[in-house]
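Have a look at the structure below before the remarks.
Below, each value reflects all heavy atoms present in this structure, side chains not excepted, and no hydrogens, waters or symmetry copies.
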Amino acid sequence: MDYSTSPLSETPPPPPAAASVSGRTVRPGDRIFLGLSRGSGIALLVIMAAIAAFLTYRSVLAISGDKSNFFTTLDWNATGTEPKFGIAVLAFGTVVSSVIAMAIAVPVAVGIALFISHYAPRKLASPLGYVIDLLAAVPSIVYGLWGALFLVPHLGGLYGWLNDYLGWTGIFSYSNGAARSLFTVGILLAIMILPIVTSVSREVFLQVPRMHEEAALALGATRWEVIRMSVLPFGRSGVISASMLGLGRALGETMAVATVLSPSFLISASLLDPGGGTFAQNIASKFSEADTFGQDALIASGLVLFVITLLVNGAARLIIARRKEYSGASS
C-alpha cells in the first residue's frame, strides 16, 4: 500500500495570515481615533505657539518704549509722557507668595491625603474626601471675600506672635498695620491650593500596590514605617505633580489676591508689612484703565509670568524623570 498518496498524509493548507496589528492596517475606527488624538496634540502645540508669539510681539512693542529697565524698575507708570515700568516688585511678590503657599499647603495636604487613604475608617474617609474635593469648586472671588472680611482682621494675633519671637530676623517684623501683606496672600493661596494637592496625592497613595504594604507589615514594620518605606517612595512623583498643579494656580491667581492685598510698588524686607504685588493682580487692576501702550506693558508682564510657569513645569518634569526609578511605579 502506497502511504504517500493517502489522504491522511496530505499536508493541510496553511492557516490564513494573521491580520496585521500595525497602525496602517487597524480598523477604521482606530485610525480615526489615532488621527483625532494626533490632531489634538498638534492643535495644542499650535495654540501654545500662537499665544507665545502674540505675547512676544506685544511685549517687544512695550519694552522698546520703556524709558527705564524693565526688569529692575520699582515702579509702574506705563501711561505717562515718559513711560517707566518694571516687573521687579511683581516678580518678587509672585514668587514669595507662591513659595509661602507651597510651604504651608504641601505638608498639610500630604498629611490629609495619608490620613484619608491609610488611617481614617471608611465611614469617615469618604465624606472627608468629598468635602476636600468640594473645596476645589469654590470660586476665587469667594475665597477673596472671605480673606478680606475674616482672615485679614483675625491675623493680628499671629502677626504679633511672629513679631515677638521672630521679629529679630527682620522677615517677620510687624508694625501693627493692616494684615494686607504677602504673608496673608500666601496663607490664602495655601488654603486655595490645598484641595488640589490633597485630591491628587490621595489618589496616588491609594494606587500603592497592596503587596508592598503587606510585605512591610509581615516584616514587623509599624504603620508609619510602612508609609515611609512603601507609600511615600511610590507616591513621590505623584506628590510632585500635584504640587506643581497647585503652584500653577498660586502663580496665576488673580481675584483673591487683588481682594486681600494692599498693592504698592515697594519691596519690603518684612513679609508682614502691607504692600507688594503680583503679576496677575497687577494685570487685573490696571488693564481696564490702560491705553494701548499700557495694555502692551501689562502683556509684557504676562509674558514673564508665562515664562515662569513654563520653567516651573519644566523643572517639575525633570525632577519626576530623575526620581521615576525610585518611585516604585515600575514595580
*Under a single-linkage definition using a 4.5 Å side-chain heavy-atom cutoff for Ile, Leu, Val, Met, Phe, Trp and Tyr, are Leu217 and Val208 assigned to the same hydrophobic cluster?*
no

_Please say yes or no: joined through hydrophobic side-chain contacts below 4.5 Å, possibly via intermediate residues, are Val304 and Phe54 part of one cluster?_
no

*Indicate yes or no for a side-chain donor-acceptor contact from Ser301 to the backbone of Leu298 under 3.5 Å, with no hydrogens or angles considered.*
yes

*Is the shortest heavy-atom distance from the side chain of Phe306 to the side chain of Met48 under 4.5 Å?*
yes

*Nearest heavy-atom neighbours spanning Met102 and Pro107*: O-CD, 3.8 Å

*Residues in ring pair (Phe, Tyr, Trp, His ring centres under 6.0 Å) with Phe205, at least two apart?*
none

*asked:* Has Thr94 got a side-chain atom pairing as donor or acceptor with Leu251's backbone, closer than 3.5 angstrom?
replied: no

*asked:* Evaluate Asp273 against Arg180 for salt bridge (Lys or Arg N to Asp or Glu O under 4.0 Å), listing each step before the verdict.
replied: CA-CA 8 Å; Asp273 287 341; Arg180 293 181 174 273; over 6 Å; no

*Is it true that a side-chain atom of Glu214 and a backbone atom of Met211 form a donor plus acceptor pair closer than 3.5 Å?*
no

*Looking at Val204 and Gly235, what are the two nearest heavy atoms and their distance?*
CG1-CA, 3.4 Å

_Minimum heavy-atom separation for Phe265 and Gly86, please, with both atom names._
CE2-O, 4.3 Å

_I'd like to know if Arg58 pairs up with Asp296 as an ion pair, taking the criterion as any Lys NZ or Arg NE/NH1/NH2 lying under 4.0 Å from an Asp or Glu carboxylate oxygen._
yes

*Measure the shortest side-chain to side-chain distance between Arg236 and Val239 over non-hydrogen atoms and say whether it is less than 4.5 angstrom.*
no

*Okay, side chain of Glu213, backbone of Arg210: is any donor-acceptor separation there less than 3.5 Å?*
no

*Do you know the tightest heavy-atom contact between Ile267 and Ala88?*
CD1-O, 4.0 Å

_Determine whether a donor-acceptor pair (N or O, by modelled atom type, separation under 3.5 Å) exists between the side chain of Ser199 and the backbone of Ile196._
no

_Pairwise distance OG(Ser181) to CG(Leu155) - rounded to 0.5 angstrom_ = 8.0 Å

*Could you tell me whether the side chain of Leu61 reaches within less than 4.5 Å of the side chain of Ile299, counting heavy atoms only?*
no

*Please report the closest heavy-atom contact between Phe183 and Leu158, naming both atoms and the distance.*
CE2-CD2, 4.2 Å

*Step by step, would you call Phe279 with Thr254 a side chain to side chain contact (heavy atoms under 4.5 Å, CB included)?*
CA-CA 8 Å; Phe279 286 111; Thr254 304; over 6 Å; no

*Around atom CZ of Arg317, are there more than 12 heavy atoms of other residues, nucleotides or ligands at under 6.0 Å?*
no

_Less than 3.5 Å apart, any donor N or O on the side chain of Glu253 or Ser140 sitting next to an acceptor on the other?_
yes

*Does Leu114 reach the side chain of Ile227, with side-chain heavy atoms less than 4.5 Å apart?*
yes

*Give the ring-plane orientation class for Tyr165 versus Trp161, where under 30° counts as parallel, over 60° as perpendicular and anything between as tilted.*
tilted

Please list, one pair per line, the donor and acceptor atoms closer than 3.5 Å that link side chains of residues 142-154 to other protein atoms, with sequence neighbours excluded.
from	atom 1	to	atom 2	distance (Å)
Tyr143	OH	Leu135	O	2.8
His154	ND1	Phe150	O	2.7

*Between the main-chain N or O of Phe85 and the side-chain N or O of Asp66, is there a donor-acceptor pair closer than 3.5 Å?*
yes

_To check you understand the geometry: which heavy-atom pair defines the closest contact between Ser98 and Leu247, and what is its length?_
CB-CD1, 3.7 Å

*List the steps, then state whether side chain to side chain contact (heavy atoms under 4.5 Å, CB included) holds for Thr79 with Asn77.*
CA-CA 6 Å; Thr79 58; Asn77 184 17; 3.8 Å; yes

*Stepwise, does the side chain to side chain contact (heavy atoms under 4.5 Å, CB included) test hold for Arg202 with Asp133?*
CA-CA 11 Å; Arg202 180 192 67 209; Asp133 294 338; 3.3 Å; yes

*Verify side chain to side chain contact (heavy atoms under 4.5 Å, CB included) between Leu182 and Phe92, making sure each step is shown before the conclusion.*
CA-CA 10 Å; Leu182 292 176; Phe92 177 81; 4.0 Å; yes

_Side-chain (Asn282) to main-chain (Thr278) donor-acceptor, under 3.5 angstrom_ = no

_I'd like to know if the side chain of Thr73 reaches the main chain of Phe70, judged simply by a donor and an acceptor atom lying under 3.5 Å from each other, with no hydrogens or angles considered._
no

